[in-house]
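One structure is given below, encoded as structure tokens.
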Amino acid sequence: MTRTISAGPTAVAEAASSLTAGNLVAIPTETVYGLAADATNGAAVAAIFEAKGRPHFNPLISHVDSLAMARRIVVFDEVATLLAERYWPGPLTLVLPARPEAAVHPLVSGGLSTLAVRAPRGIAAEIITALGRPVAAPSANPSGRVSPTTAAHVVHGLSGRIDLVVDGGPCSVGLESTIVAPEVGRIALLRAGAITAEEIAALTGLPVVRPDENEAIRAPGQMKSHYAPAGAVRLEARSVRPGDHLIKFGGAVLEGEEGAAAVIDLSPAGDLREAAANLFAALSAFDRSDIARIAVSPIPQSGLGEAINDRLRRAAAPRQDASTSAVGSARA
Ligand code: TXA
Ligand code: MG
């Protein structure tokens, strides 16, 4: 059952306690309604992808209540600080280097070493303050549909799939945030939005460039061999060869498993949400130069299985070229 509650102090308290419990809450921001989860809770973040029916684990924006909260998870240089001080709270998202110790779950960054951060205005900020932690939130629509700018629009798309919708009326901007990544001597515009490239260039005195599609790092999750561990990955494995490192699911016992060098079960109970939350940690645990072969047992294709299998196919894809290794080294 999805409840709707009008914005106000009760809504802030209820939204925060629902998020604390690991549930999904749709919250109004000045841009569009966001589908929020506690960014530190892997199963809750996995549930976002499940509720949206997203077939890929593309990275999500971490929403914060302040520059201070943002500084706990990412590193600001001078330009990033200038932009945040000028436009936050507001419709600007900054892609910045993640702090290695940041408590944000790897599913939020898609396993990248950067995080997208934004401080929204209004009740969204109050809810984040009440939670005390960053909130991961894509737009609150089923995958492939338009972003919602009213609570009714959210209910129409996601009713029954989320716990709570906070109704704050129509969004004032009505368009997703501008996304930029400050680089050396320039600023990359990753998504156009309400704050224009011209304004950002005037404020910072730096050129604002639209990176071309060959700059692999700009399209996280799009590169085939993204998230590839050092060793060869064999999918749909029904048996284990001696010395294989095995990633499996649902307590399955494979032929020859006793010969595996190490075994990680993504979810012994067969829960795809738990498996999604454990996926990047498993790939990274087996991403070592001394691990030559990783076998992965079949994962169901239903629900979140589609996104899990998409990511595993990228991990198993043949290595491409130099730009691929740039992506590989960007892994958290
Ligand atoms: O206005 C908005 O930004 C809304 C509200 C809810 O805040 N959110 C939103 O989220 O539009 P979403 O998930 O629909 O879009 C997030 C975008 C994606 O295009 C994603 O690829 C990009 O941010 N992104 C996230 N993390 C990134 C990273 N580390 N590097 C590059 N791009 C990133
Ligand atoms: Mg969206």
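All ligand and atom numbering here is 1-based and tracks the order in the structure.
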Under 4.0 Å to a heavy atom of [X] - the qualifying atoms of ligand 1, by number:
X	answer
Glu176	1 (O), 11 (O)
His63	5 (C), 6 (C), 7 (O)
Ser177	1 (O), 2 (C), 3 (O)
Val32	4 (C), 5 (C), 6 (C)

For [X], is the nearest heavy atom under 4.0 Å from an atom of ligand 1?
X	answer
Ile61	yes
Arg54	yes
Ser139	yes

Check: Does a salt bridge link Arg273 with Asp271, judged by any charged N lying under 4.0 Å from a carboxylate O?
Finding: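 No salt bridge links Arg273 with Asp271.
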Checklist line | Lys/Arg N to Asp/Glu carboxylate O, Arg118 vs Glu30, below 4.0 Å | finding: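 Judged by the 4.0 Å cut-off on N to carboxylate O distance, Arg118 and Glu30 do form a salt bridge.
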Can you find an N or O of [X] that's nearer than 3.5 Å to an N or O of ligand 1?
X	result
Arg191	yes
Arg118	yes
Thr31	yes

Notebook entry, point to check: Under 3.5 Å, is there a donor-acceptor pair linking the side chains of Thr93 and Ser177?
Noted result: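 Looking only at side-chain atoms, Ser177 and Thr93 do form a donor-acceptor pair, the distance falling under 3.5 Å.
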Item checked: Residue Ser147, metal the Mg ion (ligand 2), N/O/S under 2.8 Å ->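 It does not; every qualifying atom lies at 2.8 Å or beyond.
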Note to self: Consider side-chain contact (heavy atoms from CB on, under 4.5 Å). Of Ile200, Val184, Ile187, which one does Leu206 pass it with?
What the structure shows: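 It is Ile187, the one option of Ile200, Val184, Ile187 that forms the side-chain contact (heavy atoms from CB on, under 4.5 Å) with Leu206.
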[Y] and [X], any side-chain heavy atoms less than 4.5 Å apart:
X	Y	value
Phe76	Leu83	no
Val117	Trp88	yes
Pro120	Ile128	yes

Check: For Glu78, does the CD atom sit with more than 12 other heavy atoms under 6.0 Å from it, leaving out its own atoms?
Finding: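 Counting neighbours around CD of Glu78, 12 or fewer heavy atoms of other residues, nucleotides or ligands fall under 6.0 Å, so no.
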Next item on the list: Ignoring hydrogens and angles, tell me if any N or O in the side chain of His63 forms a donor-acceptor pair with the backbone of Ile61 under 3.5 Å.
Entry: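 It does hold such a pair.
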Next item on the list: With atom 18 (C) of ligand 1 as the reference point, say which of Ala137, Ala140, Pro59 has the nearest heavy atom.
Entry: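 Among Ala137, Ala140, Pro59, the closest heavy atom to atom 18 (C) of ligand 1 belongs to Pro59.
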Check: When you measure from atom 28 (C) of ligand 1 to each heavy atom in Thr114, Asn141, Asn58, which option holds the nearest one?
Finding: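 Nearest heavy atom to atom 28 (C) of ligand 1 lies in Thr114.
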